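Positions are given from 1, in the same order as the sequence printed here. Just so it is clear, the structure is predicted and the values come from calculations on it, not from any experiment.
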Amino acid sequence: MASSAASSVRPPRPKKEPQTLVIPKNAAEEQKLKLERLMKNPDKAVPIPEKMSEWAPRPPPEFVRDVMGSSAGAGSGEFHVYRHLRRREYQRQDYMDAMAEKQKLDAEFQKRLEKNKIAAEEQTAKRRKKRQKLKEKKLLAKKMKLEQKKQEGSRGGKELGTHCPRALLLAGSHDGNRDRALLTGPGQPQEQGSSSSAEASGTEEEEEEVPSFIMGR
């Protein structure tokens, strides 16, 4: 008895903490409260509702045995049966019209999607071709630049002899004589040189032949 009574006693439930009442003012706050409630116990499975199937009318019967109408010969109870049958038929026709409109819109959307896709591919191909042309142009310019540098390097190697100091001095002396000849005319540099040497010798002779009485000796 004691054991059965002890086993029948349930453990006390943990007391829940009092929660403040929060009234959401908009949809964002309501979603925030739901997320906070879910995150308090992350181990608990979240119920995910299944997607509701689209409503479809009941298919019509393959064979109608009792064809009724709302004529004067029908009873009062048969009219309500006819009215329900008519309502179902109208629903079926509306459903068929809605499905046809939906298929038409879907087909137009797919056509527009294909058209936009083709236009985007054409634009992409055009831009790719433009980028390829620019790339080829840059590569050609780089190649021409490298060839020009190689040509300048080979030309500089050939003209290396003219850039040595001795050659430069000789070339400078020849250039100076040539410029002097051009300025003074043909035959004048030698005469000038001879005249300058004669003047120098004349001055020396004059200095040697100065009388003694002039110098006060």
Side-chain angles (χ1 to χ4, degrees), residues 4-143:
S4 62
S7 61
S8 63
V9 175
R10 294 180 181 179
R13 291 183 180 180
K15 293 182 179 181
K16 294 183 179 180
E17 296 179 0
Q19 297 180 356
T20 57
L21 180 62
V22 179
I23 299 174
K25 296 180 180 179
N26 48 26
E29 290 185 2
E30 185 178 358
Q31 189 175 12
K32 183 180 178 183
L33 291 173
K34 289 181 179 179
L35 289 174
E36 289 177 355
R37 192 181 302 114
L38 289 173
M39 292 306 295
K40 283 181 180 178
N41 190 5
D43 298 333
K44 185 179 178 181
V46 180
I48 299 175
E50 295 182 0
K51 185 179 179 181
M52 295 179 63
S53 60
E54 190 176 359
W55 178 85
R58 188 172 62 181
E62 295 181 0
F63 184 78
V64 181
R65 297 184 182 277
D66 299 326
V67 180
M68 294 174 287
S70 61
S71 62
S76 60
E78 302 297 332
F79 175 76
H80 301 289
V81 177
Y82 166 76
R83 187 165 54 86
H84 290 305
L85 291 174
R86 184 183 60 181
R87 179 175 54 82
R88 287 196 210 97
E89 183 63 20
Y90 286 165
Q91 285 181 351
R92 191 178 67 85
Q93 290 179 4
D94 292 341
Y95 175 77
M96 290 173 63
D97 294 342
M99 290 299 295
E101 186 69 21
K102 185 179 179 182
Q103 290 177 0
K104 182 181 177 182
L105 293 175
D106 289 343
E108 290 179 356
F109 175 74
Q110 290 296 331
K111 286 182 181 179
R112 189 164 61 251
L113 194 66
E114 290 292 332
K115 186 177 179 181
N116 293 340
K117 188 177 179 181
I118 292 170
E121 288 178 356
E122 291 178 356
Q123 189 71 16
T124 304
K126 188 176 179 181
R127 291 178 180 176
R128 188 188 300 115
K129 189 176 180 181
K130 189 176 180 180
R131 289 195 301 268
Q132 192 68 22
K133 284 184 179 180
L134 289 173
K135 191 175 180 181
E136 290 177 359
K137 191 174 180 181
K138 288 181 180 179
L139 289 174
L140 185 62
K142 190 175 181 180
K143 188 176 180 181

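- In this structure, Tyr95 and Trp55 approach most closely via the heavy-atom pair CE1-O, 3.4 Å.
- Glu30 approaches Pro24 most closely through the heavy-atom pair N-CB, 3.7 Å.
- For Gln91, the CD atom sits in a packed shell: over 12 heavy atoms of surrounding residues, nucleotides or ligands are nearer than 6.0 Å.
- Taking a 6.0 Å sphere around CE of Met99, one finds it holds more than 12 heavy atoms contributed by other residues, nucleotides or ligands.
- Taken to the nearest 0.5 Å, the CZ atom of Phe109 stands 10.5 Å off from the CD atom of Glu114.
- Applying the 6.0 Å contact sphere to CD1 of Ile23 captures no more than 12 heavy atoms from other residues, nucleotides or ligands.
- For the pair Glu101 and Asp97, the minimum side-chain heavy-atom distance is 4.5 Å or more.
- Asn116 places a side-chain heavy atom less than 4.5 Å from the side chain of Arg112.
- Applying the salt bridge (charged side-chain N to carboxylate O under 4.0 Å, His left out) test to Arg92 and every residue at least two apart in sequence or in another chain returns Glu89.
- Side-chain contact between Lys129 and Lys133 is present, with at least one heavy-atom pair separated by less than 4.5 Å.
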Q.
Evaluate Leu105 against Glu108 for side-chain contact (heavy atoms from CB on, under 4.5 Å), listing each step before the verdict.
A. CA-CA 5 Å; Leu105 293 175; Glu108 290 179 356; 4.1 Å; yes

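- The neighbour count for Arg127 CZ, taken as heavy atoms of other residues, nucleotides or ligands under 6.0 Å away, does not exceed 12.
- Lys138 is not listed as a side-chain neighbour of Lys135, based on a closest heavy-atom distance of 4.5 Å or more.
- By the side chain to side chain donor-acceptor pair (under 3.5 Å) test, Arg88 is found to be paired with no residue, residues two or more places apart in sequence or in another chain being considered.
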**Q.** side-chain contact (heavy atoms from CB on, under 4.5 Å) evaluation trace for Ile118 with Glu122
**A.** CA-CA 6 Å; Ile118 292 170; Glu122 291 178 356; 3.7 Å; yes

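- Distance CG/Asp106 to CD/Gln103: 7.5 Å, rounded to 0.5 Å.
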